[in-house]
Enquirer: 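Got a structure here, written out as structure tokens. Questions coming.
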Amino acid sequence: LTINALNGADTVFTNTNVGIGTTSPGAKLEVDGDILLGTTDKIGWRYSSGNTSYNYITGEDQILTLSGGTWTSSGTQTAVRIKTQQGEKLTIKNNGNVGINDTAPDTKLVVVDVTKDLTTATAETGQGTVSLVSSDDQAADKGASLLFGGRYVTGNTTNVAFGAITGRKENSTTNNSHGYLAFYTAKAAAGSVMNERMRINSDGDVGINTVSPGAKLEIEGDATSDNTAQLIVASGGADNNSIIHFTDDAGGQISQIGTYEGNELTFAAQNTLVFKTNSSTIIGSSDVRMVIETNGALELNNYTSTSYKSG
């Protein structure tokens, strides 16, 4: 059966198939052309019987909505899944959990992928499990950020930022990818700008309260109080020992500074223990004020022992 139209877009009935704009429909309904629905109309799929659409697509309120899983209130029930030729790639549960390459996400977002080699990573090579990339033109201090926040007033749904991590370009030189990682926290009223608290630069130097660390670890103190400790080494064990180790390039222990049972301050060295003042360098024998030899001998202000070598 063929129903002719003035514009040539015939409707054809072939056995139980219906074709609109085609004379050889290959399914129950085949349309060759656009389909225009009303503002509240839906394309729906029923669960097993009846006329209720439990899964549907609609453009109501000028918003494209894909709805699924409405036949059950179970939070772990899969509501929406997106598949490719290689299997299910995106899963959304009724409780709002989203899985990428994970069909059973147990948190709001789970992304599953194989381990990547970050030693060759760039934003373009796809070596990260997840990539955050800024769209600015290249310049110093440009890069993507990850923000952490929440509500801060009881009974109020307004969210604020509590902290952030950002990876940014270290310089403005074109074709240069030197970058740094910075950590921010908020300590002020809502709406205030967060402050950078720690930075790891492209050389691996770590700065706390400084954006330009000049050593593997540099800590800039708090100017608000002269009595505030800038570094605390605390014991985590029952013996109350707190120790800082100094090693050589091979990882061998050379010397220590620490407390024993939370009481006396102890200096330990495999070789000579040297104390200097008014000196800008550890290397060399100038400005030595006190030396304790390995045999326990003590010399003050007139150190001449050849056992202490320059360099």
Side-chain angles (χ1 to χ4, degrees), residues 97-98 100 105-113 115-154 156-236 242-247 257:
N97 290 355
V98 178
I100 299 177
D106 53 5
T107 58
K108 287 306 175 187
L109 177 62
V110 178
V111 181
V112 177
D113 201 358
T115 302
K116 303 294 187 178
D117 181 8
L118 294 179
T119 60
T120 61
T122 67
E124 289 75 28
T125 56
Q127 292 303 308
T129 303
V130 176
S131 296
L132 302 178
V133 183
S134 65
S135 59
D136 312 71
D137 193 14
Q138 81 83 23
D141 300 317
K142 298 295 185 181
S145 301
L146 183 62
L147 194 71
F148 303 90
R151 299 177 183 179
Y152 74 109
V153 177
T154 301
N156 192 306
T157 59
T158 301
N159 295 320
V160 297
F162 299 140
I165 303 173
T166 182
R168 297 187 175 179
K169 196 174 188 300
E170 201 168 56
N171 54 57
S172 59
T173 305
T174 187
N175 200 32
N176 183 298
S177 60
H178 289 182
Y180 66 86
L181 193 65
F183 298 80
Y184 289 74
T185 62
K187 189 180 179 181
S192 298
V193 176
M194 290 192 296
N195 296 301
E196 182 176 336
R197 303 303 185 186
M198 185 174 73
R199 177 177 295 203
I200 305 174
N201 66 19
S202 59
D203 291 323
D205 298 338
V206 178
I208 298 178
N209 275 351
T210 175
V211 299
S212 55
K216 288 306 174 188
L217 175 61
E218 181 175 342
I219 302 174
E220 184 173 311
D222 187 351
T224 60
S225 174
D226 292 337
N227 296 321
T228 302
Q230 308 307 330
L231 176 63
I232 298 176
V233 180
S235 171
S242 302
I243 302 171
I244 299 175
H245 293 261
F246 300 89
T247 65
I257 299 176

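Bear in mind the structure is a predicted one, so any value in this text is a computation, not a measurement.
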Enquirer: Roughly how far, to the nearest 0.5 Å, is the CG atom of Leu132 from the CG atom of Leu147?
Expert: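 Atom-to-atom, Leu147:CG and Leu132:CG are 11.5 Å apart.
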
Enquirer: Which atom pair, heavy atoms only, marks the closest approach of Ser134 to Lys142?
Expert: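 So the minimum-distance heavy-atom pair works out to OG-C, 4.3 Å.
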
Enquirer: Which atom names give the shortest non-hydrogen contact between Lys169 and Tyr180, and what distance separates them?
Expert: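 Closest approach of Lys169 to Tyr180: O-CE2, 3.5 Å.
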
Enquirer: Is the number of heavy atoms from other residues, nucleotides or ligands under 6.0 Å of Asn156 CG greater than 12?
Expert: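 Yes, enclosed.
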
Enquirer: Working to the nearest 0.5 angstrom, can you tell me the gap between Ile100 CD1 and Leu109 CG?
Expert: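 That separation rounds to 5.5 Å.
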
Enquirer: Between Tyr184 and Thr166, what is the shortest heavy-atom contact and its length?
Expert: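 In terms of heavy atoms, the two residues are closest at CE1-CG2, 3.5 Å.
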
Enquirer: Show every donor-acceptor pair shorter than 3.5 Å between a side-chain atom in residues 211-219 and any protein atom, with sequence neighbours excluded, or say none if there are none.
Expert:
{"from": "Lys216", "atom 1": "NZ", "to": "Asp203", "atom 2": "O", "distance (Å)": "2.8"}
{"from": "Lys216", "atom 1": "NZ", "to": "Asp205", "atom 2": "OD1", "distance (Å)": "3.3"}
{"from": "Glu218", "atom 1": "OE1", "to": "Gly214", "atom 2": "N", "distance (Å)": "2.7"}

Enquirer: So, for Ala164 and Met194, which heavy atoms are closest and what is the spacing to 0.1 Å?
Expert: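 Looking at all heavy atoms of both residues, the shortest contact is CB-CE, 3.6 Å.
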
Enquirer: Which heavy atom of Ser235 sits nearest to which heavy atom of Ser242, and what is that distance?
Expert: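 It is N-OG, 2.9 Å.
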
Enquirer: Would you mind reporting whether Gln138 and Thr174 have side-chain heavy atoms less than 4.5 Å apart?
Expert: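 Yes, their side chains come closer than 4.5 Å.
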
Enquirer: Can you sort out the partners of Arg151 under side chain to side chain contact (heavy atoms under 4.5 Å, CB included), two or more places apart, ordered by chain and number?
Expert: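 Side chain to side chain contact (heavy atoms under 4.5 Å, CB included) list for Arg151, sorted by chain: Thr157, Asn159.
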
Enquirer: Roughly how far apart are Leu118 CG and Thr129 OG1, rounded to 0.5 Å?
Expert: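 Going from the CG atom of Leu118 to the OG1 atom of Thr129 covers 8.0 Å.
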
Enquirer: Could you measure the distance from the CD atom of Glu170 to the CG atom of Asn201? Nearest 0.5 Å is fine.
Expert: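 Going from CD on Glu170 over to CG on Asn201, the span is 5.5 Å.
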
Enquirer: Phe183: which residues meet the side chain to side chain contact (heavy atoms under 4.5 Å, CB included) condition with it, sequence neighbours left out?
Expert: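 Listed in chain order: Ile165, Leu181, Met198, Ile200.
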
Enquirer: Could you pull out the closest heavy-atom pair between Ala186 and Ala161, with the gap in Å?
Expert: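 Shortest heavy-atom contact: CB-O, 3.6 Å.
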
Enquirer: Quick one, Asn209 with Arg197, criterion side chain to side chain contact (heavy atoms under 4.5 Å, CB included). Give me CA distance, side-chain angles, the key distance, then yes/no.
Expert: CA-CA 5 Å; Asn209 275 351; Arg197 303 303 185 186; 4.2 Å; yes

